[in-house]
Each structure stands twice: as C-alpha cells, then as structure tokens.
Number of protein chains: 2
Amino acid sequence: MEQLRQTLKVHHLRTTTCREDVLSTFINKKNALSHGDLEGALGENYDRVTIYRTLKTFLEKGIIHKVLDDEGLRYALCSHSCSEEKHQHDHIHFKCNACGETNCLENQHIPAVQLPQGYKPENFNLLIQGTCPKCNN
Amino acid sequence: MEQLRQTLKVHHLRTTTCREDVLSTFINKKNALSHGDLEGALGENYDRVTIYRTLKTFLEKGIIHKVLDDEGLRYALCSHSCSEEKHQHDHIHFKCNACGETNCLENQHIPAVQLPQGYKPENFNLLIQGTCPKCNN
DNA sequence: CTTTCATTTGCAACGGTGTTGCAGTATTTA
DNA sequence: TAAATACTGCAACACCGTTGCAAATGAAAG
C-alpha cells in the first residue's frame, strides 16, 4: 500500500485512488490485463476514460508495457523498472489457448537472431501460444 | 491472374472480383496490410464488410495469417501454403519504426526457447521492431 | 489549516474497428 | 439454362479508444 504510493511518487505521479487501484490490480492478478479486464474489476468506481488515461500514463512512465496477442492488446507490469526514456522488453509472453491468460515469462530471454544485412533491431517481442501448466493436465 | 483463381480454387473458394483484388493486393505490396490499407486501396469498389469477410475467409483457409504490432492487427500472405487444419508460423516479422511497414522475414526461423516445466508451446510469433534497410541510411 | 495552482477526473460526444442479419446478387454444378 | 449454394451490400449495432471541457481533487506554500 505504501509501496504503491512510492511507485507513483518515483514516476512523478499524483497518488489517486484510481491509480492505486489499477496498480494493485496489476500486482494481485499476475497476468496481463486488458482495459476491459480492469473495467470489469474497477468499472463501478471509475469512469472508462479514466482507466484509459491511467493506462496511458503508466505506459508513458514505464510502469507497464503492452502485450500483444491475436485477440488484442493487454498490459503487464514492467519487471525491471523501466524509465520514461528507456524500455527494455526482450522478454517472452506466453498465452494459454485454454484459459486465455497471458503471462510474462520472467528470466527467460529471447535468443539471438541473425538478421539480414541492413536491419537494425531495437525491440524484441516474442509471443508463444500453447497450453500453460495449469491447463496442461 | 490465372494463378489467383487457382489459389482460390485450391481452397474451395468461389472466384469473385473482390477476392481476386484482395489477393493480388497482398501479392503486389509485399508487406503486411491492415483492413484499413485494403479499404484504402479497394474501398471504392467493395463494401467495408465484404473486405472484412474476405480477410476472415482467407484467414480460415490459411491463405493469410495475422501479424501483430503495437499499433494493431495486420495480415500477410502465408508463404508455405498453410491449410485449414494446420498453421505453422514460426517466422519473424520486422516492423520498421521509420516507414511503418511490417514485413515477414522469410527463411528466418525463431531459435529454440527453453520453456519452464509444464508449458506446451504450439505457436511462435516474434516481432522485431527497429529500422529496416530502406530507412537505415 | 487554508488558499492556490496544477493535475486529474467524469461526462458527453465522436470516429474507428469489427460483427451480424437479411435481402438481393453472382457463381458453380449439372 | 436452371437450381442450389455461396457471396455481397446495406443497415444496424457493440466495442474500443480519444478529445474537449467543466468540476473535483491533490500537492505545496503561506
């Protein structure tokens, strides 16, 4: 709770109940969340637009990052605290086709890829789809 | 032209001008296309909805596949003809942040990833963002 | 504690995306 | 050429994400 405020303060954001709630939702549910998920969880307390703006702000400040799967856009906490200037996201996301959850695989890094001449890579994003341990029985 | 019809026939689709035009657009422009791109190119001739349905049909038949980047959804031709049953897409997409184009890197495959216990992968999707050869000067 | 100022929120409205139902049209097959 | 089937266009709709503006809230200073 105090830690939430600390996180917001570090990123020069005012502490508001919406931001606290969104942030703690990300921390509690560990998987990636869509705007719709958050609206489902917090929608009675906050306006749609406010949640959109909160996500946008968190994105810009490097608190969360985008996660893409074939169904659309989600967001997940940045593990290694990213800054507004630098986002380093060469980690892997796993989407389970059974339960639908998408998770970051921490500590897993994307193996080096040999690109053809002239390509200058800056960001890597690997999405693996399949079945997760929970659903794999 | 005759080849287009052949492609449609192989997948048990009726040859219509819309399908021919959409397919030839994919073949001519080599990069991944969004629905909006196609609507821009063909929108005067066909209804929005028809283009959506054409894309959906091509997806199901394995003629095209989805390409995701942080701006949304695009589609690209399947190189190794996929079937309705099996889609194998362990190739790499490169999105240029300068010109905005997204391309499939043919012949490039995603290196093996060691997943934690219990994860059963089925599909791999690697998006690399950076600068492409055309823009890299 | 109160005042002030900047930031944040809620509301209303809007454009874009993608889907569905249905009637009419085009394509295939025989 | 006719009949059956598949495809298209139109209208309508739900959902996603954004913007402008007025009101409310938080931070900081007196």
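Convention: sequence-line order gives letters A, B, ...; per-chain numbering from 1. Side chains included, hydrogens not; waters and symmetry mates left out as well; all remaining heavy atoms used. What you see is a predicted model, and the numbers here were worked out from it, not measured in a lab.
- A residue-by-residue look at B:Thr17 and A:Ile51 shows that A:Ile51 has its nearest nucleotide of DNA chain C further toward the 5' end.
- The base of C:dG10 sits within donor-acceptor range of the side chain of A:Arg53, with an N or O pair under 3.5 Å.
- Using a cutoff of 4.0 Å between basic side-chain nitrogens and carboxylate oxygens, A:Glu101 and A:Lys95 are not scored as salt-bridged.
- We find that CG of A:Leu38 is positioned 12 Å from P of D:dC16, with the value rounded to whole Å.
- Distances shorter than 4.0 Å separate some side-chain N or O of A:Thr50 from OP1 or OP2 on C:dG10.
- One can place CG of B:Leu55 at 15 Å from P of D:dC7, the figure rounded to the nearest angstrom.
- Remark: B:Ser34 is not in phosphate contact with C:dG16, judged by side-chain N or O atoms under 4.0 Å from OP1 or OP2.
- Proximity of a side-chain donor or acceptor of A:Asn136 to a complementary backbone N or O of B:Gly118 within less than 3.5 Å is detected.
- Aromatic pair A:Tyr119/B:Phe94: ring centres closer than 6.0 Å.
- For the pair B:Leu8 CG and C:dA26 P, the computed distance is 18 Å after rounding to whole Å.
- You'll find that the side chain of A:Leu73 is closest to D:dG17, out of C:dT9, C:dT19, D:dG17.
- Distance B:Leu13 CG to D:dA6 C1': 10 Å, rounded to the nearest Å.
- In this model, the phosphate group of C:dT20 is approached by a side-chain N or O of B:Lys56 to a distance below 4.0 Å at OP1 or OP2.
- Here C:dT19 is the nucleotide among C:dA26, C:dT19, C:dA6 with the atom lying nearest to any side-chain atom of B:Val49.
- A donor-acceptor contact shorter than 3.5 Å is absent between the side chain of A:Asn28 and the backbone of A:Thr25.
- In this structure, B:Glu71 atom CD and D:dT18 atom C1' are separated by 16 Å, rounded to whole Å.
- With rounding to whole Å, A:Asn45 atom CG is found 14 Å from C:dG10 atom C1'.
- In this structure, the CG atom of B:Asp21 is 16 Å from the P atom of D:dC7, given to the nearest Å.
- When the P atom of D:dG26 is taken as reference, atom NE2 of A:His11 falls 21 Å away, rounded to whole Å.
- The base of C:dG10 lies outside donor-acceptor range of the side chain of A:Arg48, with no N or O pair under 3.5 Å.
- Comparing D:dT19, C:dT8, C:dG18 by their closest approach to the side chain of B:His35 singles out C:dG18.
- Note on A:Thr57: nothing from the nucleic acid sits closer than 4.0 angstrom, heavy atoms only.
- An OP1 or OP2 oxygen of C:dT9 is reached within less than 4.0 angstrom by a side-chain nitrogen or oxygen of A:Thr16.
- Each of C:dT8, D:dC7, D:dC16 was ranked by its minimum atom distance to the side chain of A:Tyr52; first place goes to D:dC16.
- For an aromatic pair to be called close, the ring centres must be under 6.0 Å apart, and B:His35 with B:Tyr52 satisfies this.
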